[in-house]
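Worth knowing before you read on, the calculation uses all heavy atoms, side chains too, and leaves out hydrogens, waters and symmetry mates. Values in this document were obtained by computation on a predicted structure and should not be read as measured data. In this chain, numbering begins with 1 at the start of the sequence shown. Both counts, for ligands and for their atoms, begin at 1 and track the order of listing.
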Amino acid sequence: MHERPFVGIVLFLWSTLVSAVVFASQAPEAWNAAQWPDTSGEHINAHGGGILFHDGVYHWFGEHKGSGRGGSLARVGVRVYTSTDLEHWTDAGVALAVTDDPLSEIRAGCRIERPKVIFNEKTDRFVMWFHLELAGHGYNAARAGVAVADSVHGPYEYIGSVRPNPGREPIGLSDAMRRRIRERAFSESRVEGDWVQSERVTARNFFVRQFYGGQMARDQTLFVDDDGTAYHIFASESNRTLHIAELDETYTGHTGRYVRVFEGASREAPVLFNRNGVYHLITSGCTGWAPNAAEHATAESIWGPWTVRGNPCEGNGAETTFGSQGTFAFPIRDAQGAPTDRWVFMADRWKPDALGRSAYLWLEIAFEGDRVILRE
Ligand code: DGJ
């Protein structure tokens, strides 16, 4: 609080004016265009991506996708672009490159999806997590890959991949589930057996089956809370249940503290952010590359309980998130680099036959109390 309210009011008006100058209220046309050229005229190739604001610059990391049907396989890696105005982006190169080493988990032909980068103040390093699928194994590996770098553009050094939290009990595990794990009551063959009656039961089967080996991890994002604690949010249990898992102090491993949310609801493409102490989670349904309706949930603690608020989209196209699938949300910065209360929802408009040409849809979020509203 300012001792003299007058000084506070003048400062508030000034910062509002400055942020208005830095970022006009009108969203750039590029945010909703069929193609978004970078400063050299090439369509931006950073799909399933996220933003890291560092040293006054926005960095957009995303999947470099190829063209044609095989475009979902990683032949290049994770690309990074930079911008100061969120409209004009300069290609800063390949942050994490796939290799031609046949023994490497990230050899060309693997899948690297939904990469996100966070900065660790304690170690002074940049940490990238991504969904990794091994070359030649379709989507069966369901692993989380991690890489680190000393400078924001990289090159990122690949550390390895995990199925998170082997042998660790999630927060709120019921006694019945604990018993099932102990008794190993759910064997692999029975998981797919005809006694599986509902999605919720199937989700539990996958959770129990993976308990000792580590939980499956596909669509993912990262989130750093105000206290510096980082979280890894991923679609687990064969995409049936989301896990929110705490990362350790280095951000390169899991602490074993995690929660299972929306059990059996089959949500993916998680987007998580904290606005004024309320946690917001926006997800998509699981329909491959085809768009579907988004769903918004809020919580007062990241560990839940999470309250589903429904589809945040309004207007024509609301049932398909306007033909897109979310990937990240971030606050627009003011001239000093401080976060404003203007938030951007980033999404991909996938083109399954030419993934590298997939378009983007960025929308400024409207808030009504704690409700998120997205309008095209
Ligand atoms: C939907 C996911 O959100 C994408 O990242 C990708 O894995 C596709 N499924 C593959 O079908």
Side-chain angles (χ1 to χ4, degrees), residues 44-51 60-79 96 98 105-106 109-117 128-145 161 163 206 215-223 232-244 261-262 265-272 281-296 313 319-329 345-362:
I44 293 171
N45 203 335
H47 309 277
I51 300 290
W60 177 359
F61 294 86
E63 308 158 19
H64 179 115
K65 288 293 197 204
S67 50
R69 270 262 155 207
S72 72
L73 302 180
R75 303 274 172 210
V76 174
V78 175
R79 197 166 271 287
L96 174 73
V98 297
E105 288 187 334
I106 58 162
C110 69
R111 284 185 168 87
I112 292 179
E113 295 190 349
R114 298 186 174 270
K116 306 289 179 300
V117 174
M128 176 191 292
W129 283 88
F130 52 91
H131 166 201
L132 173 69
E133 296 292 349
L134 304 175
H137 292 272
Y139 275 92
N140 294 324
R143 299 183 72 81
S161 72
R163 278 204 168 178
F206 277 101
Q215 298 296 331
M216 301 168 92
R218 292 204 181 100
D219 276 16
Q220 61 120 54
T221 193
L222 298 176
F223 163 69
H232 184 203
I233 301 100
F234 50 91
S236 193
E237 302 174 26
S238 206
N239 287 351
R240 285 164 171 83
T241 303
L242 278 184
H243 288 196
I244 300 175
V261 294
F262 314 134
S266 295
R267 307 303 304 174
E268 63 179 5
V271 172
L272 195 149
L281 184 51
I282 302 170
T283 57
S284 77
C286 292
T287 52
W289 300 112
N292 54 55
E295 189 175 88
H296 172 223
C313 299
E319 287 313 306
T320 61
T321 318
F322 315 110
S324 76
Q325 186 182 31
T327 183
F328 201 70
F345 175 76
M346 293 169 67
D348 297 278
R349 279 183 162 144
W350 299 114
K351 289 190 182 22
D353 293 331
L355 283 165
R357 307 299 293 165
S358 298
Y360 306 97
L361 175 65
W362 287 21

Q) Which of the atoms in ligand 1, numbered in the order shown and given with their element, are less than 4.0 Å from a heavy-atom of Tyr139? A) 7 (O), 10 (C)
Q) Would you say Gln325 has any N or O atom under 3.5 Å from an N or O of ligand 1, going by distance alone? A) yes
Q) Would a distance-only check, ignoring hydrogens and angles, find a side-chain to backbone donor-acceptor pair under 3.5 Å from Arg114 to Glu63? A) no
Q) Is Asp219 in polar range of ligand 1, meaning some N or O pair under 3.5 Å apart? A) yes
Q. When you measure from atom 5 (O) of ligand 1 to every protein heavy atom, which one gives the shortest distance, and what is it?
A. Arg114 NE, 3.0 Å
Q. Regarding Ser72 and Arg111, is there a side-chain donor-to-acceptor distance under 3.5 Å anywhere?
A. yes
Q: Would you check if Ile51 and Met346 make a side-chain contact, meaning some heavy-atom pair closer than 4.5 Å?
A: yes
Q: Run the salt-bridge test on Arg218 and Glu113 with the 4.0 Å N-O cut-off and return the result as yes or no.
A: no
Q | Closest protein heavy atom to atom 9 (N) of ligand 1, given as residue, atom name and distance to 0.1 Å | A | Gly288 O, 3.4 Å
Q. How many angstroms lie between CZ in Phe328 and CZ in Phe61, if you round to the nearest 0.5 Å?
A. 10.5 Å
Q.
Is there a polar contact, in the sense of an N or O pair closer than 3.5 Å, between Glu113 and ligand 1?
A. yes
Q: Check salt bridge (charged side-chain N to carboxylate O under 4.0 Å, His left out) between Arg349 and all other residues, then give those that pass, not counting sequence neighbours.
A: Glu376
Q.
Please work out, at 4.0 Å between heavy atoms, whether the side chain, the backbone, both, or neither of Glu268 comes within that distance of ligand 1.
A. side chain
